[in-house]
Amino acid sequence: MCMKREKIRINGIVQGVGFRPHVYRLAKELTLCGYVSNNSEGVVIEIEGEKNNLESFHSQLKTAPPPLAQITDYRIDDILVCHDVDFKIQKSSHITKPTTFISPDIATCDDCLEELFDANDRRYKYPFINCTNCGPRYTIIKGTPYDRTLTSMSEFPLCSNCQTEYDDPSNRRFHAQPNACSVCGPQLSLHDGTSEMSTESPIEDVISLLQDGKIIAIKGIGGFHLAVDSNNSKAIEKLRDRKGRAEKPFAMMSRDIQTIQKYCYVSKQESELLISNKRPIVLMEKKGNCTLQVNIAPKNKMLGFMLAYSPLHHLLLQNNFDTLVMTSANLSEEPIAIDNHEAIERLSSVADYFLLHNRNILQRCDDSIVRVVSDYTQIIRRSRGFVPSPHFINKNIRHCVLAVGGELKNSIAFSRENNVFMSQYIGDLDNPKAYNFFEDSISHFSKILEAKPTAIAYDLHPEYLSTKWAKKQTLPTIAIQHHHAHMVSVMAENNYYDKTIGIILDGTGFGTDGTIWGGEILVGDALNVERFCSLKQVALPGGTVAIKEPWRMALSCLYSAYGNKIPENIPFMRSISKEKTDLVCQMIEKKINSPLTSSCGRLFDAVSALLNIKHAITYDAQAAIELENIANSTTRFDVQPIKNVGSVIDTDKLIRKIVEMIQENKPTAQIALYFHYQLAEYFVAAVLSAREKFAIDTVALSGGVYQNKLFFEYISLRLQNEKFNLLTHKELPTNDGGLALGQIMIADAQLSAQKKGV
Ligand code: ZN
Ligand code: ZN
Ligand code: FE
């Protein structure tokens, strides 16, 4: 028998995720001796036993770590045999530097679910059941180390049964900080907006209220939802009305995949995302015979579903509803409500009743939104379930930087050693409540990460509120061009740092020349970048009004293509009054409140309006989404290969071709599809000449336009056919929610270059 002793050092997300008891149980099973402990590096194990058992220990720990763990480094060294007779969990040695990785909030695990519906279990139907492998984490933490006293569970002293579980290394609830039961833990209550109602069974009451068509504000994990019965069209309409949300799709929550399959095509990958312990909202294609109410997602081919993720959701849905509309509880663009009083105050005009509980939510965290594009996940909103997992960068980040992100879909980030921590989705900062959330997030995030930034990276746009905030601070600041940040964000996400060609396409970003950019081909790396090519600039008549009213962009593009000779014989021109067209054309001609832009997002808006699909929008990117939907209804297209683009892509030509097609009465779907593919061809041609000039084979795609699946899949395929190495977002949003990572990497590169005197 060959005895060996080994020292194992493990890094990654290995603390506060039940790692030590997991190791303990595994070692016991394999009759191995030694100990496991936490230190500032992560987890340290000394383990002794027979060679075969040691090998199976390594393989089992690596392939099946605790559900919430993420191992990034696993090192084994042989050491001298000590002849231990037992395996122990040692107390943590003194932790000197911040290494804590806090787990995201995790959906109720199968073991807890089984107990939840087991009439003999002491937690039968207890809506706050959780264990080391599941439950709230990030949203209940107020400080580090992650310990019950520093969570919102500190108000609930453990009863003796719960304490016994908490202290027993062989128990699934060993050191589970949110551990609770109906004797000692949080409780539900029902409120009618004026006072608390006396009831024995708040859940049963809410079920019948929902069946009655009432709107219920339900406190969850990262905030409140507004729930209505998804079969009740009137209730949904009432919710749209009261919430001030005309057409933007509502998300739904279902009890199981089978239910969702009744309404949507669910691929294997989509179903894996749905049942993953992150439980995001997954956008999927609606089935033709979908019987759900149309006003859930008007004029949209996609539906957003998530599965129940907290015990409370399971209790609500099980046997009662197959699907509920579950939308973030807020008014229009405000952040989601989290506090009981705040919710009642802010939502009394929206919700009929409030299902509350007394466990405080300390961090607001919306539902995350994802979808499958080509064959991987595209993250549209990165929040619950994902945050605060870090991005592991395989390159030295020398500075602790705070990046404050952009203005819309804001998300901030900190670097700490070689990890970048992106915050949850914060929202659009022009909303005062979102701005407060932005400030809170910076202080809370830095506190729980123990991050001490030495510099702040911000967007070059002088009017962004994040920029104004950064400039008020005492730390050194670094301005980062918006599209450069997009490009480096997708590079860093892929751990790629060599010179790259970026096709960065979005709605708005401040350019180094003071105009608004958004259809850019950039070449460079984190330190240096040049603008190689861009879309032809057109006017943005009325400034930001033109974003809400795509018909102005259509007119602007027509003016650019035809000057004063815009063809009158197209339906678009006939659908707008002469006064309006004259006024806007004059604004453009006289350059009154008509800044120039090379925005690609606005070009999609313009074409949507030009095809009379959408003249004015009620939610972000609506015109482009409806254009994509219509383009999707055909497969007929006829694109021309493009040669020699030069430094400006002549969109006038594209617009004139579209007008011709309209005059020839070509079907709208066909023109819409033509536009998607032909535009992609222009960018491909530009990238081909960049490759010739710079001898670079890697192309980075980033920016909000890539949320257009049709466009994204086509351009990716074309670039792959041209043998480019493609970098795309898989872990961060391609929209401005992913900017902060790029800002950090660029700031770090610049600070390092300054030190070296480059
Ligand atoms: Zn559990
Ligand atoms: Zn208890
Ligand atoms: Fe952007």
Side-chain angles (χ1 to χ4, degrees), residues 17-18 66-68 103 105-118 121-123 126 128-137 148 153 155-167 171-174 176-187 277 279 309-311 314 405-411 428 459-461 464 466 480-490 502-511 516-520 522 547 597-602 620-621 701-707 729 732-743:
V17 291
L68 307 193
S103 163
D105 305 294
I106 296 298
T108 311
C109 73
D110 290 345
D111 291 332
C112 285
L113 261 187
E114 210 167 286
E115 292 168 353
L116 183 66
F117 291 106
D118 174 359
D121 193 275
R122 72 183 191 93
R123 291 190 179 84
Y126 179 57
F128 302 93
I129 187 170
N130 68 80
C131 73
T132 319
N133 301 329
C134 74
R137 294 288 186 281
R148 191 172 176 103
M153 288 302 292
E155 294 163 36
F156 304 96
L158 291 159
C159 69
S160 64
N161 280 336
C162 287
Q163 185 72 50
T164 308
E165 294 167 339
Y166 184 90
D167 293 332
N171 194 285
R172 204 172 87 242
R173 297 192 166 88
F174 175 67
Q177 307 304 347
N179 191 23
C181 72
S182 57
V183 175
C184 64
Q187 303 293 339
N277 62 15
R279 292 285 155 108
Y309 58 82
S310 82
H314 287 286
E407 175 87 344
L408 304 177
K409 301 183 178 68
N410 181 278
S411 167
D428 298 349
D459 193 282
L460 193 60
H461 201 306
Y464 281 4
S466 51
I480 314 276
Q481 200 278 321
H482 189 91
H483 303 96
H484 189 201
H486 269 302
M487 171 167 145
V488 176
S489 169
V490 68
I503 314 179
I504 312 303
L505 309 177
D506 67 359
T508 304
F510 197 78
I516 300 161
W517 295 5
E520 314 303 319
L522 306 178
I547 300 174
T597 184
S598 56
S599 166
C600 189
R602 294 296 85 76
D620 184 38
L701 306 183
S702 184
V705 167
Y706 293 105
Q707 282 178 203
H729 286 287
L732 285 183
T734 190
N735 59 45
D736 285 4
L739 273 186
L741 173 60
Q743 292 178 336

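Throughout, residue positions are numbered sequentially from 1 according to the sequence presented. Since the structure is predicted, the reported quantities are computational estimates derived from the model, not experimental observations. When a ligand or atom number is given, it counts from 1 through the structure's own listing order.
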Exercise for the section: Take Phe156 and Arg148 through the test side-chain contact (heavy atoms from CB on, under 4.5 Å) and record every step on the way to the result. Expected result: CA-CA 9 Å; Phe156 304 96; Arg148 191 172 176 103; 3.9 Å; yes
Completion exercise
Vertex the Zn ion (ligand 1), ends Cys109/SG and Cys131/SG: angle to nearest 10° comes to 100°
Exercise for the section: For the residue pair Leu158 and Asn179, establish whether any side-chain heavy-atom pair is separated by less than 4.5 Å. Expected result: yes
Exercise for the section: Could you walk me through whether Arg137 and Leu68 pass the side-chain contact (heavy atoms from CB on, under 4.5 Å) test, one step at a time? Expected result: CA-CA 11 Å; Arg137 294 288 186 281; Leu68 307 193; 4.0 Å; yes
Fill in the blank from the handout: Excluding water, the protein N, O or S atoms sitting under 2.8 Å from the Zn ion (ligand 2) are Cys159 SG, Cys162 SG, Cys181 SG, Cys184 SG
Exercise for the section: Could you pull out the atom name of the N/O/S atom in His482 that is nearest the Fe ion (ligand 3)? Expected result: NE2
Exercise for the section: Take Arg172 and Glu114 through the test salt bridge (Lys or Arg N to Asp or Glu O under 4.0 Å) and record every step on the way to the result. Expected result: CA-CA 14 Å; Arg172 204 172 87 242; Glu114 210 167 286; over 6 Å; no
Problem - Donor-acceptor contact below 3.5 Å, side chain Gln707 vs main chain Val705 - result: no
Handout entry: Side chain to side chain, Leu732 and Leu741, heavy atoms closer than 4.5 Å
Key = yes
Problem - Opening angle at the Fe ion (ligand 3) [OD2, Asp506; NE2, His486; to 10 degrees] - result: 100°
Exercise for the section: Tell me, please, if His483 has any N/O/S atom, main chain or side chain, under 2.8 Å from the Fe ion (ligand 3)? Expected result: no
Exercise for the section: Please name the atom of Asp736, restricted to N, O or S, that is closest to the Fe ion (ligand 3). Expected result: OD1
Exercise for the section: Compare all side-chain heavy atoms of Glu407 with those of Asp428 and state whether any distance is below 4.5 angstrom. Expected result: no
Exercise for the section: Answer whether the closest heavy-atom distance between the side chains of Val488 and Ile480 falls below 4.5 Å. Expected result: no
